[in-house]
There are 2 protein chains.
Amino acid sequence: MLTEEIELTTTHRSPALSATNIEAAVKALRERGLRVSAARRLVLEALYGAEGPLSAERIAQGLEGRLPRSDLASVYRNLETLEEVGLVRHVHLGHGPGLYALAAPEHEYLVCESCHAVRTVAKAELDGIRSQVLDRFGFEARFTHFPLVGLCPRCLSESHDHEENEHAHP
Amino acid sequence: MLTEEIELTTTHRSPALSATNIEAAVKALRERGLRVSAARRLVLEALYGAEGPLSAERIAQGLEGRLPRSDLASVYRNLETLEEVGLVRHVHLGHGPGLYALAAPEHEYLVCESCHAVRTVAKAELDGIRSQVLDRFGFEARFTHFPLVGLCPRCLSESHDHEENEHAHP
DNA sequence: CCGTAACTGCGAACGACTCGCAAAAACTAA
DNA sequence: TTAGTTTTTGCGAGTCGTTCGCAGTTACGG
């Protein structure tokens, strides 16, 4: 099976106010006694400029020329550090590589098992479902690190169509 | 990070009526023009005798001496074939290897992000949540291939405890 | 501007699969 | 039963995503 590309169907944040926020992140790092190296700053720039979650690989390649390339292992280490600090979060949207994004604002993900479309939603949008899961199972659902997986509306209706065709056979 | 062992908290099926059902599976294979080799039968025996989903690795090792060892690549190939035939299904319960189980009866999984405990439930138990997700997002949730991830009751209450301790600091 | 952590970049190793290929079954038809 | 065809096996090597070891840099506090 080929590794399938994941496409995002929603937009995350405007790529504008980057620099300002990066300095806030830099401050958070220094407060923890962490150093602000060029490589680390680069990872931050990639994430602040991104429209959706990014793979470590794509960050290391410099986002198709928009940023300088850097060492993949270091990108992974920096993403890990940033995640420990709470600035970054990663999500596993299927069989591909993990994808990284800023931790705030907190997004949750719905992924279609059939077409692999990703729907990104604000945490609050899933609160209704979260409270039902809590009621039934005492379990607090989180769709930040692993998504809610299922069939998207389109694939769902296609699968209904096929069922009908099958039933139509006498 | 170490690969963490996944423990199952529920029982799947009684390990008794194996042989009978294996012959049904064998029949299904032959009907599709597939051959029933020793290796293939072994995978089937492992799954019919198991109390929960198994990794390919564990099947290849012969389930700690209960069955003969076999070739890992072939185990993967056979699991794939059995899955195509519809006899087997696999689930990704976190960062470890995929786990394989008989497709019927259809189980769904809840996994704790913190302690990695797995709760296996019958499909019907999640129908309420499924219909709420369908209403809100037009999305049919499936927790068979990827689980519903969150915090289990115990880890949830522990995280509340910690919050209280933090708040207690003036 | 010096010392000393922290951090980098490289290559190698890792786990979980997947593939290529020659040798060995399994079914089929004779 | 055996010969023929086609699947399947077992091995080794390869891939992908990620992590590790380590010598060489570099950031920052003094």
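No experiment lies behind these values; they were computed from the predicted model shown. Atoms considered below: every heavy atom in the structure, side chains included; atoms not considered: hydrogens, waters and symmetry mates. A, B, ... follow the sequence lines: proteins, then strands. Residue 1 opens every chain.
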*Asks:* Reckon Ser37(A) touches a base, only the sugar-phosphate, or nothing at all at heavy-atom distances under 4.0 Å?
*Replies:* sugar-phosphate
*Asks:* Using a 4.0 Å heavy-atom cut-off, does Arg77(B) contact any base of the nucleic acid, only the sugar-phosphate backbone, or nothing at all?
*Replies:* base
*Asks:* Would you say Leu110(A) and Phe143(A) make side-chain contact, with heavy atoms under 4.5 Å?
*Replies:* no
*Asks:* Check the distance between dC7(C)'s C1' and Leu82(A)'s CG and give it to me in whole angstrom.
*Replies:* 13 Å
*Asks:* Out of dT18(D), dT8(C), dC11(D), which has the shortest distance to the side chain of Ala39(A)?
*Replies:* dT8(C)
*Asks:* Considering just the side-chain nitrogens and oxygens of Arg30(A), establish if one lies under 4.0 Å of OP1 or OP2 belonging to dC28(D).
*Replies:* yes
*Asks:* Looking at His145(B), Arg130(B), Glu125(B), which one forms a side-chain contact (heavy atoms from CB on, under 4.5 Å) with Glu108(B)?
*Replies:* Arg130(B)
*Asks:* In whole angstroms, how far is the P atom of dT19(D) from the CD atom of Glu83(A)?
*Replies:* 10 Å
*Asks:* With a 4.0 Å cut-off on N to O distance, would you call Glu23(A) and Arg41(A) a salt bridge?
*Replies:* yes
*Asks:* If I take atom CZ from residue Arg136(A) and atom CG from residue Leu126(B), how far apart are they, to the nearest 0.5 angstrom?
*Replies:* 9.0 Å
*Asks:* As an exercise, state the distance from CD of Glu45(B) to CZ of Arg66(B), rounded to the nearest 0.5 Å.
*Replies:* 11.0 Å
*Asks:* Between atom CZ in Arg69(A) and atom P in dG9(C), what is the gap in whole Å?
*Replies:* 14 Å
*Asks:* For Arg35(B) and dA26(C), give me the distance from atom CZ to atom P, rounded to whole Å.
*Replies:* 9 Å
*Asks:* Counting the atoms with a prime plus P, OP1 and OP2 as sugar-phosphate, which does Ala73(A) contact under 4.0 Å by heavy atoms, base, sugar-phosphate, or nothing?
*Replies:* base
*Asks:* Nearest to the Leu72(A) side chain among dT18(D), dT7(D), dC7(C), which nucleotide is it?
*Replies:* dT18(D)
*Asks:* Would you kindly give the NE2-to-C1' distance between His90(A) and dG17(D), to the nearest whole Å?
*Replies:* 12 Å
*Asks:* Rounding to an integer number of Å, can you tell me how far Glu80(A) CD sits from dT18(D) C1'?
*Replies:* 10 Å
*Asks:* Please compare Gly98(B) and Leu34(B) by the position of their nearest nucleotide in DNA chain C and report the one closer to 5'.
*Replies:* Gly98(B)
*Asks:* Starting at atom OH of Tyr76(B), determine the distance to atom C1' of dC11(D), rounded to an integer number of angstrom.
*Replies:* 17 Å
*Asks:* Calculate the interatomic distance between Arg32(A) atom CZ and dC28(D) atom P; express it in whole Å.
*Replies:* 17 Å
*Asks:* Nearest nucleotide by nearest heavy atom, which residue falls closer to the 5' end of DNA chain C, Ala56(B) or Ala38(B)?
*Replies:* Ala56(B)
